[in-house]
Amino acid sequence: MPNYKKNPVKGIPIGIIGPDALVKKMLKVIQNFPSFYPIPKVYQMEDEAPGLAETVAAEVEVLILSGPMPYRRVREETRLNVPIHYVPLTDTGLFRALYRLKNRHGLNKPIQLTIDTISKPMVENALKEIEETSVTAVYFDGSPYALREELIRFHREHYENGHSHAALTAEESVSLALTDLGVPNEWVIPTDQNITVTLERALLSTETRKSKESQIVVGMVNVDNFGKSVQQHSTEHEIQKFKLDIHRTLLDYVESLDGYLTHMGGDEYLFFTTRGIFERETGGYKSIPLARNANKRWGLTLSMGIGFGRSANEAGTLARSALRKSKEAGGNACFILREDLSIIGPLEMADSVEQALAMTDMDVIRKAEQAGMTSAYLSKLMNQFARTGKTDYKVHELANILDITIRSMHRLLLQWVEGGLVEIAGMEKVPKGRPRQIYRLAIFTGEVHK
C-alpha cells in the first residue's frame with residue numbers, strides 16, 4: 001500500500017475504507033482527482049469497517065466505503081459528522097463477473113447461481129439486457145447486516161445440496177472462504193466508472209469544495225512565437241484580422257468559463273473565472289480545449305498559467321509564476337499554482353499527453369531547489385515526463401532536454417544523485433569504450449530520498 005503521510009495542504013482529505021484489492025483500485029482512480037488527498041484504511045473483515053471509520057473521521061472531510069455492506073455497518077454502528085458514501089455495484093460489474101464465472105469454471109447452460117448482497121431486480125434487469133435466459137438465481141434473503149459466516153453457509157449449503165453451480169458475492173472475504181471450500185464463485189467488484197461517479201459525489205459533498213466552487217481563478221495566456229506568426233501575413237489588414245481572430249477565439253473560450261477576458265497587449269491575455277467552472281471545463285484539470293483549437297486553426301501553441309488564490313491579488317501573482325513555468329518548459333504547456341503553492345500540470349495542450357503529472361509535492365520542490373535543480377530545469381523535466389512517461393535517460397538525452405552541454409549535465413547529475421532526486425538505474429553496454437550510466441528521475445517515481 002502507498003505510504004501516505006498526513007499533510008493537509010495536499011488537498012481535501014478523504015477516507016478510503018475497504019479490502020486491500022478495492023482500496024488499491026480506488027486509489028488508482030483517485031489519481032484523476034487532484035483535489036483529493038486520500039487516507040486509506042484496509043480491513044480483512046467487513047466488521048472492522050466501523051472502527052476504522054471512527055479512527056479516521058477526525059482527519060477527513062468525507063468517507064468512502066468500498067461497498068453497501070460496510071457502508072450499512074458504519075451507518076448503523078457509528079455516529080459520524082462527515083458525509084459517508086459507498087461505491088455501488090452496477091450491471092457492468094455483474095456482466096464481468098458472469099463472464100469470468102463461465103470462462104474460469106467452464107459452466108455450461110443452464111446455470112443455477114446463489115447471489116448475496118446484489119438485489120434481485122438488478123440481476124434480472126442485467127440478464128434481460130443481454131437476453132440471457134439460461135441463468136437462474138437464488139438470492140440471500142437474510143438480514144442486510146448478515147454476518148460473513150451466514151453468507152458463506154448460504155452459498156455452501158446450496159452448492160453441496162446440488163441446488164447451485166456457483167456463487168456470486170459482493171464481499172471479498174466471502175469469496176475467499178468459498179474458494180477454500182471448493183465452491184466456484186466470483187467476487188463482483190465495482191468498475192472504475194462506478195468509483196469515479198462516487199468520487200464526484202463525494203467531492204461535491206465536502207465543505208472545502210462548497211467554499212472553493214466560487215473561489216477566484218486568474219489565468220494568463222501567452223501566444224508562443226507570436227511575432228513569427230504575425231510576420232507570415234503580408235498586409236496590415238491580414239495582420240489585424242489575424243489578431244482579431246485570436247481575440248475572438250479567446251473570448252469564446254472565456255465565455256464558456258463564464259469569465260472575463262482582457263487583452264494585456266501584444267501576445268498576452270488575462271482572464272478571470274471561478275474554480276468550480278474551471279475544473280469542470282478542464283475535465284478535472286486534465287486538458288485545455290482552447291489550446292487544441294488554436295493549434296488546429298492557426299498552428300499556434302499557447303503557454304498558460306493559472307493561479308488559485310484566497311484573493312484576486314494572490315491568484316494573479318500565482319498565475320504569473322505559473323505562466324513563467326510554462327514558458328520555461330518550452331511553451332505549449334499549462335501549469336496551475338494553488339494557494340498552498342503546490343503545482344498541478346502540465347495539462348494536456350495541443351499535443352497528446354500520455355501521462356499527466358497531477359501534483360508535485362512542495363517538499364520535493366524544495367528538495368529539488370536545494371540540490372541545484374532550478375525551476376526552469378524542473379519545469380522542462382515535468383513537461384517531458386508528462387508527455388512521455390519516461391523516467392530513465394542517458395546523459396546526452398538529459399542535456400538535450402535541458403539545452404545544456406554534456407559537461408554541465410554531468411556536473412548537475414552529481415548534485416542531483418547526491419540530493420536523492422536522481423538515481424543510477426543501470427549501465428548500457430557499448431561496442432567500444434566504457435559502459436554508459438542510465439539515470440532514473442526518482443523525483444517522478446515517488447522514490448525521492450527525504
So [Y] and [X], do their side chains get closer than 4.5 Å, heavy atoms only?
| X | Y | value |
| --- | --- | --- |
| Val82 | Val62 | no |
| Leu199 | Ile195 | yes |
| Val254 | Thr273 | no |
| Leu22 | Glu172 | no |
| Phe271 | Leu250 | no |
| Leu381 | Leu402 | yes |
| Ile336 | Phe278 | yes |
| Thr317 | Glu314 | no |

Could you state the interatomic distance from [atom1] ([X]) to [atom2] ([Y]), rounded to the nearest 0.5 Å?
| X | Y | atom1 | atom2 | result |
| --- | --- | --- | --- | --- |
| Ser66 | Tyr43 | OG | OH | 3.5 Å |
| Phe335 | Met304 | CZ | CE | 13.0 Å |
| Lys25 | Ile16 | NZ | CD1 | 13.5 Å |
| His165 | Tyr159 | NE2 | OH | 9.0 Å |
| Phe140 | Asp116 | CZ | CG | 7.5 Å |
| Asn185 | Leu176 | CG | CG | 8.5 Å |

key: Under 3.5 Å side-chain donor-acceptor pair for Ser311 and Asn313   =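 Per modelled atom types, Ser311 and Asn313 side chains form no pair under 3.5 Å.
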Test item: side-chain donor near acceptor, Thr191 and Asn194, under 3.5 Å =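 Asn194 and Thr191 do have a side-chain donor-acceptor pair below 3.5 Å.
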ask   = What is the ring orientation for Tyr260 with Phe272, classed by angle as parallel under 30°, tilted 30 to 60°, or perpendicular over 60°?
value =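 The arrangement is tilted - the two ring planes meet at 30° to 60°.
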Geometric class of the His158/His163 ring pair [parallel <30°, tilted 30-60°, perpendicular >60°] =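 His163 and His158: perpendicular rings.
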query = After noting the C-alpha distance and the side-chain angles of Asp20 and Lys24, does the key distance pass the side chain to side chain contact (heavy atoms under 4.5 Å, CB included) rule?
reply = CA-CA 6 Å; Asp20 184 63; Lys24 287 179 178 177; 3.2 Å; yes
Under a 3.5 Å distance rule, please check whether [X] uses its side chain to pair with a backbone N or O of [Y] as donor and acceptor.
| X | Y | answer |
| --- | --- | --- |
| Gln215 | Gly309 | yes |
| Trp187 | Ala170 | yes |
| Glu48 | Met45 | yes |
| Ser342 | Arg338 | no |

In terms of heavy-atom contacts, does [atom1] of [X] have more than 12 from other residues, nucleotides or ligands at under 6.0 Å?
| X | atom1 | answer |
| --- | --- | --- |
| Glu200 | CD | yes |
| Asn161 | CG | yes |
| Glu157 | CD | yes |

inquiry  = With side chain to side chain donor-acceptor pair (under 3.5 Å) as the criterion, how do Thr301 and Asn332 come out once you've worked through the C-alpha distance, each side chain's angles and the decisive distance to 0.1 Å?
reply    = CA-CA 5 Å; Thr301 61; Asn332 190 28; 4.9 Å; no
request  = Please assess His155 against Thr114 for the test side chain to side chain donor-acceptor pair (under 3.5 Å), listing each intermediate value before the final yes or no.
outcome  = CA-CA 6 Å; His155 292 293; Thr114 49; 2.8 Å; yes
inquiry  = side chain to side chain donor-acceptor pair (under 3.5 Å) for Gln112 and Thr136? Distances and angles first, verdict last.
reply    = CA-CA 5 Å; Gln112 178 78 20; Thr136 55; 2.3 Å; yes
ask   = Is the shortest side-chain N to carboxylate O distance from Glu77 to Arg73 below 4.0 Å?
value =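 Salt bridge present between Glu77 and Arg73.
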message = Salt bridge check, Glu59 against Lys41: does any charged N sit closer than 4.0 Å to a carboxylate O?
response =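 Not counted as a salt bridge, because no side-chain N and carboxylate O are separated by less than 4.0 Å.
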task = Evaluate the side chain to side chain contact (heavy atoms under 4.5 Å, CB included) criterion for residues Ile17 and Val74: first the C-alpha distance (whole Å), next the side-chain angles of each, then the deciding distance (0.1 Å), finally the verdict.
result = CA-CA 11 Å; Ile17 300 176; Val74 170; 5.7 Å; no
